[in-house]
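One structure is given here, and the rest of the page talks about it.
As a basis for the values below, the full set of heavy atoms in this structure was taken, side chains included, without hydrogen atoms, waters or symmetry mates. The chains referred to below are lettered A, B, ... by the order of the sequence lines, with proteins before strands, and numbering in each begins at 1.
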There are 2 protein chains.
Amino acid sequence: MMPQTVPRPTAGAARCKRCILHARCLPLGLERDALQSFDAILQLPRPLKRGETLVRQGDPFTSLYVVRSGSLKQSLVQGGRRGQVLNFYLAGEIVGLDGIGEQRYHSSVVALEATFVCKLPFTRLEDLAERVPGLRGQLYRCMSRELRNDQRMLCLLSGRTAEQRLASFLIGLSERFRSRGCSPYRFHLSMSRSDIASYLGLVLETVSRTLARFQEQGMLSVSGRELVIHDHEALSMLAREGVSGGCRLAPQSD
Amino acid sequence: MMPQTVPRPTAGAARCKRCILHARCLPLGLERDALQSFDAILQLPRPLKRGETLVRQGDPFTSLYVVRSGSLKQSLVQGGRRGQVLNFYLAGEIVGLDGIGEQRYHSSVVALEATFVCKLPFTRLEDLAERVPGLRGQLYRCMSRELRNDQRMLCLLSGRTAEQRLASFLIGLSERFRSRGCSPYRFHLSMSRSDIASYLGLVLETVSRTLARFQEQGMLSVSGRELVIHDHEALSMLAREGVSGGCRLAPQSD
DNA sequence: CGAGGTGTTGAATCAAGTCAAGTTTCGTGG
DNA sequence: CCACGAAACTTGACTTGATTCAACACCTCG
């Protein structure tokens, strides 16, 4: 039987060396000594309840957080609008990077389910990074990964159909679960339809309808938040490209 | 008379200390010594012709570039699609940050007009950053600014009308020109309508029509790529919020 | 002067949004 | 444990803003 959710951390085990996320977390590739120093600044996993806020937009920036288990959503309030969902964070991902550089968190992050996070006070992390080039590199890598991620999102939101957006989203999730050792074909959506809609620049009715259509076409089954992907191939085809062969080419200036 | 384009660098003047961009460039806030070391790794401004490629998506990452004068567009090719425009760079902005962390540039950057850039070999920059905390901070700050910028774009592309997108874009440009000492009310668009369209997730016809509508309403005048903003207030109102008071609130889970 | 890139404008179409009921699910407290 | 109410989700009918397709105007440059 395949695990349907991300594995829980062994209770109380804060040391990175034994952490199941070792391979995909920030201290990846650190030497034995450096890893111990890293361990020393890392604070014990903190439990968050569903709906609990980890960082609040505008609050002073103090720490990065690594998701140990569970999931969160990042959202941004601008103007009169309700929070635009910018990202979902799964185990091993880093929360708070957009706060570096300003003194404040630029967005809010809220737990979508029971969630554990490890806290990394940034000043201490920076001190350590000063002495450990590998860690500095990892930090850059994380930020630039986030950058690339946002850029992928920009492409997705720019002139793609609802079907393509949703397919992309599901395939993306699927891959992330796969790389965490969970089934890429059967998983639980910890976010609401309206979170997904906001993330994809749609309204929740459209998400609902599009999921229904995918189900009719036999590509997947959804029941509430339980998802089973039947035709991963078809779905990722949709995600990668326009379904109808005709990708209309914008005239390239130059 | 107000300058209509970004000031040109004094020919051959590579030294940062005398550079007009001093106040908004990477070495901002560096000590005298650090600034000299920075100068030492910085390569002389290189001229680019309109349409010339500065970095090509997928090429090995070697350097960051600072725009000295002129402008460029960043674009990303994914799947079968033609380049999605991700960003426009003006004087003082840093090109190439998304390449840090991977060994490759993640997107292409092309000059929109005659443009000068200063080259910053990254390994040398990193060496220097190791010794100069202020520079490290600046690097973080730049990356996190880029992150925040992309996030603003995500909000913009997510369920805003063509009018709001275009207004946002124009106001954004206006502010950028203002902060560079150029007129925020009268400037030249170095990018084509189709570049703007791609950037805003629209088709070029829509950009053209929307500009025409703005002009009818007396908010601005356009003639080709020359733009005059008559009613900055109205435009930024449009940019900030839905024009019709009704910002429909998505039900917030939590 | 003609060609090609760039921009404008019009008419028709359609995908997604809006509004409006419903139904299901879930959490809380009796 | 059940009942209740509030969220969350689904579905349908209708509207609309943006895209598509198409024709044409403009400007620059060889």
Side-chain angles (χ1 to χ4, degrees), chain A residues 49-51 73 81-82 85 112-114 156-167 188-198 200-216 221-227 238 242-254, chain B residues 49-51 73 81-82 112-113 156-167 188-198 200-216 221-227 238 242-254:
Chain A
K49 284 199 283 287
R50 183 168 115 82
K73 70 172 171 185
R81 305 218 141 217
R82 245 342 149 82
V85 174
L112 291 169
E113 60 190 312
L156 190 63
L157 292 187
S158 193
R160 305 297 229 269
T161 67
E163 292 198 347
Q164 291 170 322
R165 294 182 202 200
L166 197 59
H188 176 83
L189 301 168
S190 58
M191 63 294 286
S192 71
R193 299 286 192 270
S194 95
D195 286 336
I196 298 174
S198 169
L200 296 177
L202 303 167
V203 294
L204 78 171
E205 292 97 322
T206 304
V207 170
S208 189
R209 268 188 264 268
T210 308
L211 276 175
R213 206 172 323 141
F214 285 168
Q215 183 154 0
E216 273 170 31
S221 318
V222 260
S223 160
R225 297 188 174 187
E226 296 305 321
L227 188 93
L238 240 181
V243 61
S244 53
C247 67
R248 181 159 126 73
L249 301 184
Q252 180 95 325
S253 70
D254 163 35
Chain B
K49 284 198 284 286
R50 185 169 114 81
K73 69 172 173 185
R81 302 219 142 217
R82 246 342 150 83
L112 290 169
E113 60 191 312
L156 190 63
L157 292 187
S158 194
R160 304 297 229 272
T161 66
E163 293 198 346
Q164 291 170 321
R165 296 182 201 199
L166 197 59
H188 177 82
L189 301 168
S190 59
M191 64 294 286
S192 70
R193 299 287 192 269
S194 97
D195 286 337
I196 299 174
S198 169
L200 296 176
L202 303 167
V203 295
L204 78 169
E205 292 97 324
T206 304
V207 171
S208 187
R209 269 188 263 266
T210 307
L211 276 175
R213 207 173 319 142
F214 285 168
Q215 183 154 358
E216 273 170 32
S221 319
V222 260
S223 160
R225 297 188 175 186
E226 295 307 319
L227 188 93
L238 240 182
V243 62
S244 52
C247 69
R248 180 159 127 71
L249 302 184
Q252 180 96 322
S253 70
D254 163 32

Legend entry - Atom-pair distance (CD on A:E205; P on D:dA7), nearest Å: 17 Å
Legend entry - Spacing of B:E163 atom CD relative to D:dG17 atom C1', expressed in whole Å: 10 Å
Inset, instruction - Consider the side chain of A:S208, meaning its heavy atoms from C-beta on, and name the nucleotide among D:dT19, D:dC9, C:dA16 that approaches it most closely. - result: D:dC9
Legend entry - DNA chain C: 5'-proximal contact among A:G224 and A:L202 (nearest heavy atom): A:L202
Legend entry - Separation of atom CZ in B:R160 from atom P in C:dG17, rounded to whole Å: 14 Å
Legend entry - Atom of A:V207, atom of A:R193 and distance for their closest heavy-atom approach: CG1-CD, 4.0 Å
Legend entry - Nearest-angstrom distance from the residue atom CZ of A:F214 to C1' of D:dT10: 17 Å
Inset, instruction - Select from B:T210 and A:L211 the residue whose nearest nucleotide in DNA chain D is closer to the 5' end of that strand. - result: A:L211
Legend entry - Euclidean distance, atom CD1 of residue A:I196 to atom P of C:dA16 [Å, nearest integer]: 16 Å
Legend entry - 4.5 Å side-chain heavy-atom contact, A:L238 and A:F214: yes
Legend entry - Sub-4.5 Å side-chain heavy-atom contact between B:S221 and B:E226: no
Inset, instruction - Would you mind reporting whether A:L166 and A:I196 have side-chain heavy atoms less than 4.5 Å apart? - result: yes
Legend entry - Rounded interatomic separation in angstrom, taking CD from A:E226 and C1' from D:dC9: 15 Å
Inset, instruction - Compare side-chain N and O positions of B:T206 against OP1 and OP2 of D:dA18 and report whether any pair is under 4.0 Å apart. - result: no
Inset, instruction - Using heavy atoms to find the nearest nucleotide of DNA chain C for A:S223 and A:R209 separately, return the residue whose nucleotide is more 5′. - result: A:R209
Legend entry - Over all atoms of both residues, closest heavy-atom pair of B:G201 and A:S158: CA-OG, 3.0 Å
Legend entry - OP1 or OP2 of D:dA8 under 4.0 Å from side-chain N/O of A:S192: no
Inset, instruction - For A:R225 and D:dT10, give me the distance from atom CZ to atom C1', rounded to whole Å. - result: 14 Å
Legend entry - Euclidean distance, atom CZ of residue B:R193 to atom P of D:dA25 [Å, nearest integer]: 19 Å
